[in-house]
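Worksheet for the structure shown next.
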Amino acid sequence: MSEPLSPQYEPGLIEAPLFRDWEENGYFRADAERVIQDGADPYVIVIPPPNVTAVLHMGHGLNNTLQDVLTRWQRMQGREALYLPGTDHAGIATQNVVERLIATEGKTRDDLGRDAFVDRVWTFVDETGSTILQQLRAIGCSCDWSRTRFTLEPDLSTAVREVFVRLYEKGLIYRGNYIINWCPRCLTALSDEEAEPEETNGRLYHLRYPIVGDAPAGLPRLPDGRAYLVVATTRPETMLGDTAVAVHPDDERYRAIVGREVALPLTDRTIPIVADTFVDPEFGTGAVKITPAHDPNDFEMARRQNIAAIDILTPDAHLNRNVPAVYQGLDRFDARKRVVKDFEAAGLLDQVVDHTHSVPHCYRCDTIVEPRLSEQWFVKMKPLAEPALAASRNGDVRFTPDRWTKVYDNWLENIRDWCISRQLWWGHRIPVWYCGNAECGETIVAREDPTSCPKCGGASLTQDPDVLDTWFSSWLWPFSTLGWPQDTRDLKAFYPTNTLVTAPEILFFWVARMIMAGFEFMGELPFRDVYLTGTVRDTQGRKMSKSLGNGIDPLEVVNLYGADALRYTVVAGSGLGTDVYMDPANLEATFSVGRNFANKVWNAGRFALMNIQSDEVKSVSEVQDTLELADRWILSRLDAATEEVTRHLESFRFHEAAAAGYHFFWGELADWYLELLKPRLQEGTDVASREAAEATLVAALDGILRLLHPVMPFITDALWRRLPRVQGVDAPASIMIASWPLSGIRRDDAADAQMSALMELIGEIRTLRAEYNVAPGTPISIHLRDVHHNLGTALRAEERALRRMARVGGIEHDAPVVAGAAGAHAVLRGGAELFIPLADIIDLAQERERLQKELERLGGMLRGTEAKLGNEQFTARAPEDVIEREREKAENFRDQRDRLSTKLAALG
RNA sequence: GGUCGCAUAGCUCAGCUGGUUAGAGCGCACGGUUCACAUCCGUGAGGUCCCAGGUUCAAAUCCUGGUGCGACCACCA
């Protein structure tokens with residue numbers, strides 16, 4: 001026997017050694033050759049790579065627990081399971097972190113220069129980059145750590161470069177001047193997805209633009225007699241870049257002045273008044289200032305109308321001749337104040353009203369993003385989107401929950417080109433060079449760094465200074481991590497992967513783009529199933545975040561209650577894609593579900609180990625003939641639990657799978673079977689009964705520990721390893737590599753029915769005792785009448801247990817119940833009556849009424865079913881199994897009716 | 001404006017194919033500690049399954065409409 005187990009579960013003592021053992025024995029490693037040569041069935045999950053600088057938060061905790069549950073389950077199903085870990089270099093995020101770091105030394109990135117800065121980031125990443133992966137180990141993730149990847153490592157950079165060149169050669173990457181989202185703090189372009197709209201309270205400034213020359217009557221006039229138009233803007237400073245004013249072509253108010261010009265205040269420019277259907281005559285004054293360089297709609301309109309664009313927001317603004325000297329070099333918000341002040345001074349400020357609107361913010365630093373015209377690199381997305389869209393439409397890729405399918409489709413249907421250049425230093429440098437020879441001006445896009453211009457032979461080449469969007473490496477993750485573009489064994493064995501588990505926030509950023517990349521570069525979907533988790537929120541429903549300070553540190557939870565408690569709690573708390581609520585202020589209450597369950601598992605296991613004397617038990621099949629009712633029942637329930645857990649895992653109903661295991665373990669195994677067993681485990685018990693009990697107990701524990709292992713890997717293995725050996729069975733060293741149980745083998749409906757009857761009897765006795773305030777220790781006697789077969793069998797089989805569990809002294813069968821006798825009385829489900837001679841409170845009439853109602857309802861159901869079966873059309877058309885089910889229903893209803901009638905009759 | 005989702009116990013949620021008495025955890029009330037576990041055991045209270053119609057022998061479940069809440073996308077001069 002093993003050393004004594006502590007009465008309270010202490011996860012800290014078992015987790016680290018177990019994890020080390022798993023790792024040292026290579027259980028995490030996946031073998032490509034087993035797939036390729038031996039035909040093993042692969043199961044692959046690639047981790048959504050966390051930012052390399054990240055520390056674990058509950059979102060990761062949820063996400064990676066679910067991935068590990070799937071991986072462990074599939075591994076036990078005998079598949080060659082690969083859970084591939086890694087991190088993302090996270091361009092903006094990481095660069096920001098390091099910039100803040102050097103700021104504490106009073107330096108900027110420009111002080112260091114590009115190379116030194118990038119070196120500095122590498123140092124930082126090397127020092128801290130594996131933190132999050134270490135933390136994933138602490139929550140038990142069974143990743144193949146030997147395959148850990150990083151998006152900026154050489155192999156993955158090769159993949160990125162290959163992809164860039166291929167897309168460029170195919171004409172899907174282009175460089176162009178478009179309005180992009182510019183973060184003035186990060187000083188870089190952002191993709192549309194990286195600019196997050198937020199409701200913001202702002203102001204709408206109404207500005208007067210004087211019309212040049214004579215104006216028709218009816219327009220308002222300035223004191224000097226000039227007519228003017230009023231335009232509204234939330235960003236008055238952009239008026240310096242106005243190149244037109246637009247009105248709706250059908251707007252009567254302005255029809256006469258279309259084609260005329262206005263004098264742009266504060267400048268010496270005049271700009272035309274144009275007509276465009278984009279303008280909403282209902283909004284504001286119906287006249288819109290057009291600033292093509294700083295507004296996407298204006299940009300589009302300017303292209304239609306052939307209007308010039310003036311960029312007033314370049315870092316070189318002070319050189320911009322279009323901006324009057326007083327406004328040059330100002331911050332945009334200072335410029336705004338100045339412009340408004342000057343309008344007011346000139347009598348051109350019409351009014352200012354409060355205005356709530358949503359304004360895009362940088363997803364990394366939350367600064368208000370400025371739309372800005374600039375030259376960037378783009379990927380043409382439409383051709384890439386088509387196969388990705390087809391895949392969801394024909395069901396090749398499946399989203400769970402299903403509602404995300406439409407969200408995904410919708411985005412792909414309206415896809416816009418992807419701005420992939422970033423004005424950062426940390427990332428994959430764009431593999432483009434420009435020939436310095438003014439005569440030549442060649443653009444070179446190459447897999448290998450060029451040394452001279454292939455066109456003119458000139459050696460003066462300059463590489464594009466920008467780097468690529470982080471997601472330009474992550475969209476290749478499912479195959480770049482397996483060695484692409486090399487033709488590797490891993491790629492052959494493990495692509496495509498199977499399941500992707502991630503947060504819905506990155507459906508567009510990442511999931512959709514991975515699917516596109518999979519088709520484009522591998523000719524095949526990267527995965528079939530996408531499971532989108534919910535969001536972890538606090539009790540007020542707020543998303544957990546560092547800035548709100550409402551996060552929960554998973555490692556703290558692991559230290560307090562153990563990884564299994566954490567895992568069980570998040571799994572049980574997350575319905576299909578629903579948000580998970582946790583209270584950061586009360587970890588004890590939040591994680592009590594998992595902690596208490598882990599403790600229960602521990603103690604039930606401990607009980608079993610203490611009570612089984614030998615270190616070897618017989619197999620269940622060997623004691624088949626001496627199994628008692630309770631044994632057959634618990635094995636039947638285990639079989640049912642196995643079926644349930646498996647079925648729920650197959651449909652990503654993690655919470656249901658967890659609940660099924662929990663219910664079996666606590667509600668059936670611990671609450672009933674172990675209690676029923678206690679008399680049989682004592683000294684002096686019949687040897688055959690004891691052997692049957694021990695065999696069954698070990699089998700039941702073995703089964704449920706396997707079912708729980710994917711969710712609670714540590715405690716299940718710790719106990720499983722200590723279980724007595726079963727004669728003639730060779731068990732593997734760890735439950736991790738043990739097989740997943742099969743169901744449909746030990747279902748025993750008779751045992752289920754008999755045990756239910758006994759459980760009901762015990763429940764009724766307890767209820768009556770509680771109702772009549774009989775102290776739990778006081779033995780009682782019971783009278784039973786009309787004991788049906790199931791209960792009779794159960795009583796004969798488990799009478800010792802009944803006496804023990806319900807503190808029953810005498811049992812009188814078929815004792816006459818004297819009318820009006822003092823006592824507690826209950827009618828059991830099967831029609832038997834229970835009488836405890838205690839008091840005289842019983843309402844026969846009420847009970848009769850209830851049963852009568854029940855009988856009527858049942859009659860209705862039975863008539864309906866019989867009518868269906870009697871309907872010729874139904875029986876002619878319905879499939880055989882449907883008809884069979886109807887027949888079973890009818891049968892069942894008739895049985896119930898008969899039983900109810902008997903009950904009613906028994907009440908007199 | 002477009003698309004989608006949700007509404008069940010005090011709280012957070014299950015409830016899959018319409019069918020026994022609508023469940024769980026937490027919380028609450030009452031009682032219980034020699035003999036695995038007080039991180040425990042037993043019992044109980046607490047539900048117009050958002051509202052109104054419809055289909056059906058039968059609706060929390062399916063359909064229509066309404067109300068309330070939320071998410072995403074677009075727009076927001």
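Throughout, a chain's letter reflects where its sequence line sits, starting with A, and its residues are numbered from 1.
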query: Would one find a side-chain N or O of Thr767(A) under 4.0 angstrom from OP1 or OP2 of G44(B)?
result: yes
query: For Arg304(A), does the CZ atom have more than 12 heavy-atom neighbours from other residues, nucleotides or ligands under 6.0 Å away?
result: yes
query: Which part of the nucleic acid, if any, lies within reach of Thr590(A) when heavy atoms closer than 4.0 Å are counted: base, sugar-phosphate only, or nothing?
result: nothing
task: Give Phe508(A) one of three labels, base, sugar-phosphate or nothing, depending on what nucleic acid heavy atoms sit under 4.0 Å from its own.
output: sugar-phosphate
- prompt: Between C35(B) atom P and Arg804(A) atom CZ, what is the distance in whole Å?
  reply: 11 Å
query: OP1, OP2 of C40(B) versus side-chain N and O of Asn596(A): anything below 4.0 Å?
result: yes
- request: Name the nucleic acid region contacted by Tyr662(A), choosing base, sugar-phosphate or nothing; use a 4.0 angstrom heavy-atom cut-off, strictly under.
  value: sugar-phosphate
message: Categorize Asp671(A) for me: base, sugar-phosphate, or nothing, with a 4.0 angstrom heavy-atom threshold over every strand shown.
response: sugar-phosphate
P gap between C69(B) and A24(B), integer Å: 32 Å
message: Please name the nucleotide paired to C69(B) by Watson-Crick or G-U wobble geometry with both distances under 3.5 Å, or report none.
response: G5(B)
message: Classify Val231(A) by what it touches in the nucleic acid, base, sugar-phosphate, or nothing, heavy-atom distance under 4.0 Å.
response: nothing
task: Return no unless some side-chain N or O of Lys406(A) is found under 4.0 Å from OP1 or OP2 of C73(B).
output: no
query: If each of Ala589(A) and Gly605(A) is mapped to the nucleotide of RNA chain B with the nearest heavy atom, which maps nearer the 5' terminus, i.e. the 5' end?
result: Ala589(A)
U64(B) and U56(B), which share atom name C1', separated by this distance in whole Å: 16 Å
- request: Indicate the ring-plane relationship of Phe508(A) and Trp411(A), choosing parallel, tilted or perpendicular according to the 30° and 60° boundaries.
  value: parallel
- prompt: Should Arg653(A) be listed as having a side-chain N or O under 4.0 Å from OP1 or OP2 of G15(B)?
  reply: yes
query: With both distances kept under 3.5 Å, what pairs with G47(B), Watson-Crick or G-U wobble?
result: none
task: Under 4.0 Å between any heavy atoms, over every strand shown, what does Arg647(A) touch: base, sugar-phosphate, or nothing? Just pick one.
output: base
field: Among C41(B), C16(B), C75(B), the one nearest Ser358(A) by side-chain distance
entry: C75(B)
message: Just to be sure I understand the rule, does Glu675(A) reach a base, reach only the sugar-phosphate, or reach nothing, if contact means heavy atoms closer than 4.0 Å?
response: base
message: Classify Val279(A) by what it touches in the nucleic acid, base, sugar-phosphate, or nothing, heavy-atom distance under 4.0 Å.
response: base
statement: Atom NZ of Lys600(A) and atom P of C26(B) are separated, to the nearest Å, by 12 Å
field: Heavy atoms from other residues, nucleotides or ligands near CZ of Arg807(A) exceed 12 (cutoff 6.0 Å)
entry: no
field: Short side-chain N/O contact to C41(B) OP1/OP2 from Trp666(A), under 4.0 Å
entry: yes
message: What's Arg595(A) touching, base or sugar-phosphate or nothing? Going by heavy atoms closer than 4.0 Å.
response: base
query: When rounded to the nearest Å, what value does the distance between C1' atoms of C62(B) and U17(B) take?
result: 12 Å
